[in-house]
Amino acid sequence: MEKKRKDKNLVVQKYGGSSVADRRSIERVAERVISSAKRGKKIIVVVSAMGKSTDELISLAKKINPEPSDREMDMLVSTGEQISCSLLAMSIHKRGFGAVSFTGPQVGIITDTYHTQAKILKIETERIRQQLENKTIVIVAGFQGISTALEITTLGRGGSDLSAVALAVALGAETCEIYTDVEGIYTADPRKISDANKLSFISYDEMLELASAGAQVMHTRAVEVAKKFNVRLHVRSSFSKKEGTLIMGQTPLIEETVVRGITLTENEAKITICDVPDKPGIAAFVFDKLAKIGVNIDMIVQNVSRRKMTDISFTVSNKNLNKTIKKTEEIAAKIKAGKVNSNKNIAKILVVGIGMKSHSGVAARCFSVLAKNKINIDMISTSEISISCIVNKNIGKKALAVLHAEFGLGKGRRKKRER
Ligand code: ADP
Ligand code: ASP
Ligand code: MG
């Protein structure tokens, strides 16, 4: 993707599945888009499939064939966005405004050939620009493109965010607005922590950590691309007019903010290879072989060696668990290691904040509050701006709540501090 000169008058608005879930919602989005157009903006709208329709298509496919091919899955799930974008165009027409809907392939969103997880290589903007010149609102089906092999591809779950950011980059929009069912980015998932606070801003790096730990509100690669090309993201609700959260490079400094947000991930599993010979090259061999089957390994821990033998544990997403266990067993046999165990009963807590760069003792504070609450930590890993811990799944929610309170992120605590 190439960077374009920024056009202040151009805005990309992305509406997620919950914002176009039914007829009424589509009409509401139409009104909102029109009101931006009336303010003289050139608008590109990216839409997701209606409500949970992508999930429904996936479950229908799996009933027909439990192991459908990735190509046919892309053919199927890409239709969801085609429905919502054409309906939105019709709804705008009814209100007397010009709009045209396009699929990803029609506007030249060119991807590589990795079905279900394709990467955008480039976007041909000519067709969109022509329509914008004619003052037509352009609506693009999110989540999809056409591969260099001329096949329909999709960009991974939640990928409409990426379509929107990539279009903002390609067309030179200064801001990309992400409309969703919450008012912005919160200190924790508001579905899990009822007194989570909305943030006014968050840095790309912090958002990247939260998104890769599963904060579904933003797609990880969308944040990566926004960071690379310095596109400001404004995450806000499509149900209210309130300002949301700005995701940006340099966030204003607030002395006290050490921790910006916390996530709880409950869809990972831990795999342990027991009695691994402790010699150079073994870890490289194990993780190289696992990388070749395309699974993302998250945390890795190697135990202290006992008589030249050690245990290696790592976490993977549950959806890749079976194929990872199978491969790990093959690897264990090759390196003459012992048994391979797996445990789905885990949860990962990730504590994120750019302030950790300049404040020491955050990790110690996390561990001691967990200890005070009798929460045992199974694995730990840290980065410059984050700390993650694996705990037992049964106490994941409690761990999230105590850490959220400890760092003063809840509404009650913040009010008290401000008084
Ligand atoms: P959309 O359909 O608009 O793409 P998503 O369902 O993908 O919306 O993302 C919005 C959801 O993300 C919210 O309903 C919320 O429960 C969840 N979420 C997880 N973590 C956070 C967070 N830190 N801040 C806000 N929302 C979050
Ligand atoms: N409809 C797709 C999904 O549900 C893409 C998206 O919503 O962004 O994953
Ligand atoms: Mg989403």
Side-chain angles (χ1 to χ4, degrees), residues 13-22 25 29 45-59 73-74 76-85 103-104 109 116-118 140-145 153-167 176-202 206-223 233-239 244-245 247 259-267 319 349-353 400 404 409-410:
Q13 300 186 337
K14 178 254 168 180
Y15 292 88
S18 47
S19 304
V20 290
D22 50 26
S25 311
V29 168
V45 182
V46 174
V47 281
S48 291
M50 293 171 71
K52 303 235 170 295
S53 59
T54 308
D55 292 334
E56 285 155 15
L57 289 171
I58 294 172
S59 94
M73 281 312 280
D74 277 352
L76 177 71
V77 294
S78 57
T79 61
E81 272 66 13
Q82 194 172 335
I83 293 175
S84 47
C85 76
T103 62
I109 299 185
T116 78
Q117 281 296 339
V140 181
F143 177 53
Q144 55 185 266
T153 47
T154 62
L155 309 175
R157 294 305 307 269
S160 300
D161 294 341
L162 177 59
S163 311
V165 175
L167 280 163
C176 177
E177 298 177 338
I178 306 284
Y179 287 91
T180 185
D181 59 354
V182 281
E183 282 178 359
I185 310 296
Y186 283 68
T187 49
D189 185 343
R191 278 186 230 175
K192 294 178 184 155
I193 294 281
S194 56
D195 78 335
N197 260 303
K198 187 183 84 184
L199 299 163
S200 307
F201 46 78
I202 185 167
E206 290 166 316
M207 192 64 233
L208 265 176
E209 292 267 3
L210 295 175
S212 29
Q216 160 199 7
V217 61
M218 275 304 304
H219 187 269
T220 312
R221 271 174 27 232
V223 185
L233 301 177
H234 186 178
V235 180
R236 58 194 307 185
S237 167
S238 70
F239 300 84
T245 304
I247 310 179
V259 171
R260 191 95 73 186
I262 309 188
T263 58
L264 165 70
T265 319
E266 292 178 299
N267 59 1
K319 71 173 193 284
I349 306 282
L350 177 91
V351 176
V352 177
L400 172 67
H404 195 261
L409 301 179

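Values in this document were obtained by computation on a predicted structure and should not be read as measured data. Residue numbers count from 1 along this sequence. Numbering of ligands and ligand atoms starts at 1, following listing order.
Atom CG of Leu400 is separated from atom CD of Glu266 by 9.0 Å, given to the nearest 0.5 angstrom. Between the OG1 atom in Thr263 and the NZ atom in Lys192 there is a gap of 7.5 Å [rounded to 0.5 Å]. In this structure, Asn197 CG and Asp195 CG are separated by 7.0 Å, a value rounded to the nearest 0.5 Å.
In this structure the side chain of Phe201 never reaches within 4.5 angstrom of the side chain of Glu206, judged on heavy atoms. Side chains of Lys14 and Leu167 form no contact here, defined as non-hydrogen atoms less than 4.5 Å apart. Between Leu264 and Asp189 the shortest side-chain heavy-atom distance does not fall below 4.5 Å.
For ligand 2 and Arg157, the ligand atoms under 4.0 Å from any heavy atom of the residue are 3 (C), 4 (O), 9 (O). The Ser48 neighbourhood of ligand 2 comprises atoms 6 (C), 7 (O), 8 (O), with distances under 4.0 Å to a heavy atom of that residue. Per-residue contacts place Gly158 under 4.0 angstrom from the following atoms of ligand 2 (heavy atoms of the residue considered): 3 (C), 5 (C), 6 (C), 8 (O), 9 (O).
With Leu199, Asn197, Val217, Ile202 as candidates, the residue nearest to atom 12 (O) of ligand 1 on a non-hydrogen basis is Val217. Closest heavy-atom approach to atom 8 (O) of ligand 2 within the set Ser160, Gly156, Ser18, Ala164: this belongs to Ser160. Evaluated by nearest non-hydrogen atom to atom 18 (N) of ligand 1, the leading choice among Asp189, Ile178, Leu210 is Asp189.
Not a single heavy atom of Gly16 sits under 4.0 Å from any atom of ligand 2. The closest approach between Gly184 and ligand 1 falls below 4.0 Å for a heavy atom of the residue. For the ligand labelled ligand 1, residue Ala188 lies inside the 4.0 Å heavy-atom shell. Ligand 1 has at least one atom lying under 4.0 Å from a heavy atom of Ser18. Under a 4.0 Å heavy-atom criterion, Ser19 is not in contact with ligand 1. Residue contacts with ligand 1 include Lys14, since one of its heavy atoms falls under 4.0 Å from the ligand. Heavy-atom separations between Gly142 and ligand 2 are all 4.0 Å or longer.
Put simply, the side chain of Ser48 never gets that close to the backbone of Ser160: no donor and acceptor are under 3.5 Å apart.
Residue contacts with ligand 2, taken as heavy atom pairs separated by less than 4.0 Å, involve Glu81 solely via side-chain atoms from C-beta onward.
A side-chain donor from one of Thr154 and Asp74 sits under 3.5 Å from a side-chain acceptor of the other.
For the pair Asp161 and ligand 1, the shortest N or O to N or O distance does not fall below 3.5 Å.
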